[in-house]
Amino acid sequence: MRIGMMVDSYKPYISGITNYVEVNKQSLEKAGHEVFVFTFGDLEYEDSETNIIRSPGVQLADTGFYLSMRYSREAKKLLQSMDVVHVHHPFLSGRLALRYCRPVQIPIIFTNHSRYDLYAQAYLPMMPEEVSLGMLQSYMPPFCKAMDLVITPSAGMEKVLREFKVEADIEIVPNGVDLTSFQSAAPLARADYGYEPEDILIVYAGRIAIEKNIPFLIDSVAGIAKAVPNVHLLLVGGGIQQYEEEVREHIQTLDNPEHIRMVGRVPYDQLPAYLAMCDIFATASVTEVHPLSVIEAMGAGLPTMGVDSVGVGDTVQDGITGFLATHDMPAFTAKLTRLCLDPELRKQMSRSAREASSAYAIERTTKIMLNQYERLLHGPRKMDLHTRLQEILEKFLS
């Protein structure tokens with residue numbers, strides 16, 4: 001089977017979607033399928049993977065995203081030779097999928113990976129919430145209806161889509177992770193980072209971005225460290241330079257900034273060793289859909305401290321694989337403090353987390369996704385008058 005993955009951004013930009021696409025591409029290729037990733041920009045970037053198809057785009061500052069309304073002629077022709085196409089961003093890639101693939105009757109799958117409502121609030125704070133929600137309620141229902149299949153990685157995200165008035169059928173397929181390296185990782189030497197064996201290391205791994213609510217997490221850990229001086233927080237990851245600087249400045253305003261360390265970006269193959277060195281994974285993000293970082297931490301045997309929200313709340317079992325709290329500083333800090341002070345509880349949750357992570361093994365989720373691809377490939381195709389006219393135009397222009 002020839003499978004096209006359509007994304008608005010790809011490596012060298014790093015995100016949960018980038019990691020998801022890369023890991024799934026590798027797994028599908030191991031199963032004997034051809035997988036192509038279609039994206040924009042970074043035309044000079046030397047890909048270590050095969051079949052990464054880039055079209056020109058206008059760079060949007062240092063966000064890692066490029067703006068474009070079309071693929072190159074070669075990319076379009078290749079895309080239209082796919083058996084199925086899987087879209088991972090609904091706006092640029094999603095519209096191009098409908099424009100290029102629907103007329104030639106290629107099945108189109110869309111996975112909703114992001115909380116676009118909360119992203120709008122984070123990045124467009126001057127826009128009233130009613131306006132951003134209204135825009136999504138206008139865009140998402142007809143877009144999802146035009147898809148052959150809509151997927152969400154969690155039940156919580158399906159509920160959010162229903163709140164956007166999406167009426168299309170939705171399948172829940174968890175995001176998959178290659179757990180092998182996380183389950184078998186040897187920890188980094190704590191002494192190399194100036195930590196003692198008895199120190200309690202809390203780690204956050206992911207993008208350093210405004211929607212991740214990182215200052216909240218920093219303030220919580222800094223408060224705990226005043227009473228428990230062997231508690232430390234490692235922030236593993238990078239982001240837009242301006243926001244990274246804002247986070248560094250925030251750390252320097254603390255009474256005990258030495259308890260917070262910004263590690264920066266690390267190669268993905270080194271991430272398991274960082275996680276294995278630590279005791280607890282923590283995130284205060286409320287914008288997740290199905291956080292790969294939490295699943296990776298579970299695979300490494302870390303209990304998770306998170307906010308009870310879509311994504312994190314769907315993944316963490318409160319009191320079993322970690323703790324969930326309301327988005328309230330005292331409540332979050334109280335539960336995180338309990339994890340810090342109870343090593344036996346951490347050991348118990350570590351075993352449960354490692355066991356629970358197997359539900360997200362890439363081998364399992366790839367089989368589920370392949371069954372969906374096969375069903376669509378051999379099933380009826382969507383076709384209306386507008387699509388029929390597009391099909392005639394495509395044949396005329398080709």
Side-chain angles (χ1 to χ4, degrees), residues 16 115 152-160 172-185 187 200-206 212-213 216-217 220-221 224 228 231 233-234 236 271-272 274-365 368:
R115 286 293 305 270
T152 68
S154 66
M157 191 61 225
E158 179 186 15
K159 183 179 179 181
V160 171
I172 300 173
V173 181
N175 288 337
V177 174
D178 185 353
L179 293 169
T180 306
S181 59
F182 292 93
Q183 293 173 339
S184 61
I200 301 165
L201 302 186
I202 302 169
V203 61
Y204 162 85
K212 300 301 183 181
N213 204 21
F216 181 101
L217 177 60
S220 177
V221 174
I224 295 170
V228 189
V231 167
L233 171 65
L234 284 75
V236 180
L271 177 60
Y274 278 92
L275 294 176
M277 178 177 67
C278 298
D279 302 290
I280 299 165
F281 184 88
T283 175
S285 174
V286 295
T287 62
E288 306 300 326
V289 170
H290 196 58
L292 295 179
S293 58
V294 171
I295 298 169
E296 291 162 349
M298 290 168 59
L302 297 187
T304 295
M305 180 68 232
V307 175
D308 192 4
S309 56
V310 172
V312 174
D314 291 308
T315 308
V316 178
Q317 296 172 276
D318 186 37
I320 299 175
T321 62
F323 278 137
L324 296 170
T326 58
H327 189 219
D328 172 78
M329 183 65 73
F332 185 93
T333 303
K335 284 196 167 183
L336 183 53
T337 302
R338 182 182 172 191
L339 264 183
C340 290
L341 295 178
D342 194 335
E344 288 304 315
L345 178 62
R346 292 201 303 271
K347 289 180 182 178
Q348 178 183 330
M349 287 184 169
S350 173
R351 291 190 293 268
S352 298
R354 196 182 295 273
E355 181 179 348
S357 70
S358 61
Y360 309 105
I362 190 65
E363 297 82 4
R364 176 178 179 272
T365 59
I368 296 173

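Just so you know, residue 1 is the first one in the sequence shown, and it goes up from there. Only heavy atoms go into these numbers, but all of them, side chains included; no hydrogens, no water, no symmetry mates.
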key: Nearest atoms (heavy-atom pairs only) where Cys340 meets Val231   = SG-CG2, 4.1 Å
inquiry  = Strictly distance-based, threshold 3.5 Å: is any side-chain N or O of Arg346 a donor or acceptor partner for the main-chain N or O of Leu339?
reply    = yes
note = Sequence neighbours excluded, the answer for side-chain hydrogen bond (donor to acceptor under 3.5 Å, both in side chains) partners of Asp178 is Thr180
task = Compare every heavy atom of Cys278 with every heavy atom of Leu302, then report the nearest pair and how far apart it is.
result = CD2-O, 3.2 Å
query = Between the side chain of Asn175 and the main-chain N/O of Leu292, is any donor-acceptor distance below 3.5 Å?
reply = no
ask   = Which heavy-atom pair separates Arg364 from Ala359 by the least distance, and what is that distance?
value = NH1-O, 2.8 Å
task = Find out whether Gln183 and Ser357 are in side-chain contact, i.e. whether some heavy atom of one side chain is under 4.5 Å from a heavy atom of the other.
result = yes
query = Counting N and O atoms only, with roles assigned by atom type, does the side chain of Ser154 sit under 3.5 Å from a partner on the main chain of Val289, one being a donor and the other an acceptor?
reply = yes
query = Quick one: OG1 on Thr315 to NE2 on His290, what's the gap to the nearest 0.5 Å?
reply = 4.5 Å
inquiry  = Is it the case that the side chain of Arg354 and the backbone of Ala300 share a donor-acceptor pair, with hydrogens and angles ignored and the cut-off at 3.5 Å?
reply    = yes
query = To the nearest 0.5 Å, what is the distance between CG (Asp279) and CG (Leu201)?
reply = 5.5 Å
message = Rounded at 0.5 Å granularity, tell me how far NZ in Lys335 sits from CG in Leu324.
response = 6.5 Å
inquiry  = Donor-acceptor pair, distance only, cut-off 3.5 Å: does the side chain of Thr333 make one with the backbone of Pro330?
reply    = no
query = Got a second to check how far Ile362's CD1 is from Leu179's CG, nearest 0.5 Å?
reply = 9.0 Å
Minimum heavy-atom distance between Thr365 and Val173, given as atom pair plus value = O-CG1, 4.5 Å
query = Counting only N and O atoms by type, is there a donor-acceptor contact under 3.5 Å from the side chain of Asp308 to the main-chain atoms of Thr326?
reply = no
query = Sub-3.5 Å donor-acceptor pair from the side chain of Ser220 to the main-chain atoms of Phe216, do we have one?
reply = no
Exercise: identify the closest heavy-atom pair between Ser293 and Ala205 = CB-O, 3.3 Å
task = Walk me through it: do Lys159 and Val310 pass the test side-chain contact (heavy atoms from CB on, under 4.5 Å)?
result = CA-CA 9 Å; Lys159 183 179 179 181; Val310 172; over 6 Å; no
query = At what distance, to the nearest 0.5 angstrom, does CE of Met298 lie from OH of Tyr360?
reply = 5.5 Å
request  = Just do the side-chain contact (heavy atoms from CB on, under 4.5 Å) check on Met305 and Ile202 with the steps written out, would you?
outcome  = CA-CA 9 Å; Met305 180 68 232; Ile202 302 169; over 6 Å; no
Taking every non-hydrogen atom, the tightest pair across Phe332 and Ala325 = CA-CB, 3.7 Å
inquiry  = Using 0.5 Å steps for rounding, measure from the CD1 atom of Ile224 to the CG atom of Leu336.
reply    = 3.5 Å
key: Derivation of the side-chain contact (heavy atoms from CB on, under 4.5 Å) call for Met277 and Leu234   = CA-CA 11 Å; Met277 178 177 67; Leu234 284 75; 3.7 Å; yes
task = Examine distances only and state if a side-chain atom of Ser350 and a backbone atom of Gly301 form a donor-acceptor pair shorter than 3.5 Å.
result = yes
key: side-chain contact (heavy atoms from CB on, under 4.5 Å) evaluation trace for Leu345 with Phe323   = CA-CA 11 Å; Leu345 178 62; Phe323 278 137; 3.8 Å; yes
